[in-house]
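All remarks here apply to the structure that follows.
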Amino acid sequence: MEVIPMKLALLFFMATTLLAKDRPVTYWDEDREETPEHWKSFLDMNSINFWKEGDYTPPLPLIWAMKDPTPQNIALYKTYLQKRAEVLETFHQAMKKDRIEHIEQIVVVFRSDCNACHRLLSELAAHGEIVEKVQLLQLDSGRFPSPWPTRHLSQAQAQSLGVQTVPMVWVKNDGENVRLLEHPGQLFEEYL
């Protein structure tokens, strides 16, 4: 006889457990209608705190386009991005011009049979504003047409300069010592 009440209790427990409704976890009383004061600005799309990510706040045109993603707002945001890109490009060109004005000389050691040297020199030739500042030092006697004056280096001169690989690039800026670049691409990254 004791088995039946135990079965009933187990059946009742399982039925209430399986049919029970799961309530999501909340951090404040869900029955309260009012949002805590310190949360209001973070939940209001018209507040800047809604859009902040840490100390970063996106540009207002992006916020306006996100708040109201109409075709007009999206088009205006794209126009905004294009104008910013134009301003940034103008600034980069001015910075490049300033860096180039401070270059006194660029010295490149190369070999006529070196493909990396040819690529470097053809990229360098595209920068017409520095043509008069480039000096080439050639390690071999092969023919190499270039717009720059070329001096041939002897083995002794190459050893005194510490030339082990080609191309090697040195840059002399106004009032600074000659600087050997770690790799030739650094010339375009930092100066051009």
Side-chain angles (χ1 to χ4, degrees), residues 48 51-66 69 71-192:
I48 198 68
W51 300 99
K52 274 190 176 184
E53 296 179 14
D55 289 334
Y56 169 74
T57 303
L60 283 176
L62 174 60
I63 294 172
W64 294 329
M66 288 175 68
Q72 180 187 19
N73 280 344
I74 291 170
L76 287 169
Y77 180 66
K78 287 179 180 178
T79 302
Y80 161 79
L81 288 178
Q82 183 180 9
K83 287 183 181 238
R84 288 205 29 135
E86 290 169 4
V87 168
L88 199 57
E89 180 59 27
T90 303
F91 174 72
H92 284 301
Q93 291 301 321
M95 292 285 290
K96 176 182 172 181
K97 183 180 177 189
D98 182 60
R99 287 190 307 262
I100 288 173
E101 286 176 357
H102 292 290
I103 295 175
E104 286 182 13
Q105 190 175 33
I106 298 172
V107 178
V108 179
V109 176
F110 76 100
R111 292 180 56 89
S112 63
D113 60 351
C114 167
N115 289 333
C117 299
H118 287 277
R119 280 193 304 275
L120 172 71
L121 294 175
S122 63
E123 284 182 52
L124 204 53
H127 296 276
E129 64 272 14
I130 59 157
V131 169
E132 72 281 351
K133 299 179 182 194
V134 176
Q135 170 67 53
L136 298 182
L137 303 176
Q138 187 172 352
L139 289 177
D140 62 349
S141 58
R143 296 204 24 87
F144 183 80
S146 78
W148 302 290
T150 303
R151 280 188 30 215
H152 290 278
L153 285 180
S154 67
Q155 288 292 4
Q157 291 171 322
Q159 284 180 344
S160 70
L161 288 174
V163 175
Q164 296 175 355
T165 62
V166 289
M168 287 183 74
V169 180
W170 287 268
V171 177
K172 168 94 171 84
N173 274 349
D174 293 335
E176 294 181 9
N177 292 330
V178 176
R179 177 180 172 209
L180 172 62
L181 303 183
E182 292 178 23
H183 58 87
Q186 196 175 354
L187 176 64
F188 302 102
E189 294 167 5
E190 293 183 22
Y191 296 98
L192 307 178

To the nearest 0.5 angstrom, please state how far the [atom1] atom of [X] sits from the [atom2] atom of [Y].
X: Leu136; Y: Phe110; atom1: CG; atom2: CZ; value: 5.0 Å
X: Leu153; Y: Leu137; atom1: CG; atom2: CG; value: 4.5 Å
X: Met66; Y: Leu60; atom1: CE; atom2: CG; value: 12.5 Å
X: Ile106; Y: Asn173; atom1: CD1; atom2: CG; value: 9.0 Å
X: Leu124; Y: Lys133; atom1: CG; atom2: NZ; value: 12.0 Å
X: Glu132; Y: Gln135; atom1: CD; atom2: CD; value: 13.0 Å

For this session: Tell me, please, which residues at least two apart from His118 pass ring pair (Phe, Tyr, Trp, His ring centres under 6.0 Å).
Result: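 Per chain and number, His118 pairs via ring pair (Phe, Tyr, Trp, His ring centres under 6.0 Å) with Phe144.
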Specify the closest pair of heavy atoms between [X] and [Y], including all atoms of both residues, with the distance to one decimal.
X: Gln138; Y: Thr150; value: OE1-CG2, 3.6 Å
X: Trp51; Y: Pro58; value: O-CD, 3.4 Å
X: Pro167; Y: Ala116; value: CD-CB, 4.0 Å
X: Trp170; Y: Leu161; value: CZ2-O, 3.8 Å

For this session: Please examine the side chains of Leu121 and Val134, heavy atoms only from C-beta on, and report whether any two atoms are closer than 4.5 Å.
Result: no
For this session: Flag the pair Glu89 / Gln93 as yes when at least one side-chain heavy-atom distance between them is below 4.5 Å, and no otherwise.
Result: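 In short, these two side chains touch, coming nearer than 4.5 Å.
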What do you reckon, is [atom1] of [X] surrounded by more than 12 foreign heavy atoms closer than 6.0 Å?
X: Gln164; atom1: CD; value: no
X: Arg84; atom1: CZ; value: no
X: Tyr56; atom1: OH; value: yes
X: Lys96; atom1: NZ; value: yes
X: Gln155; atom1: CD; value: no

For this session: Enumerate the residue pairs fulfilling salt bridge (Lys or Arg N to Asp or Glu O under 4.0 Å) with a member in residues 103-119, sequence neighbours excluded, ordered by first and then second residue.
Result: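 Non-adjacent pairs meeting salt bridge (Lys or Arg N to Asp or Glu O under 4.0 Å): Glu104-Lys172, Arg111-Asp113.
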Exercise. Just by modelled atom types, is the Asp140 backbone N or O under 3.5 Å from a matching donor or acceptor in the His152 side chain?
Worked result: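 Checking the backbone N and O of Asp140 against the side chain of His152, a donor-acceptor pair under 3.5 Å is found.
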Problem set entry | side chain to side chain contact (heavy atoms under 4.5 Å, CB included) between Lys78 and Gln82, worked out | CA-CA 6 Å; Lys78 287 179 180 178; Gln82 183 180 9; over 6 Å; no
For this session: State whether a side-chain donor-acceptor pair under 3.5 Å links Asp174 with His102.
Result: yes
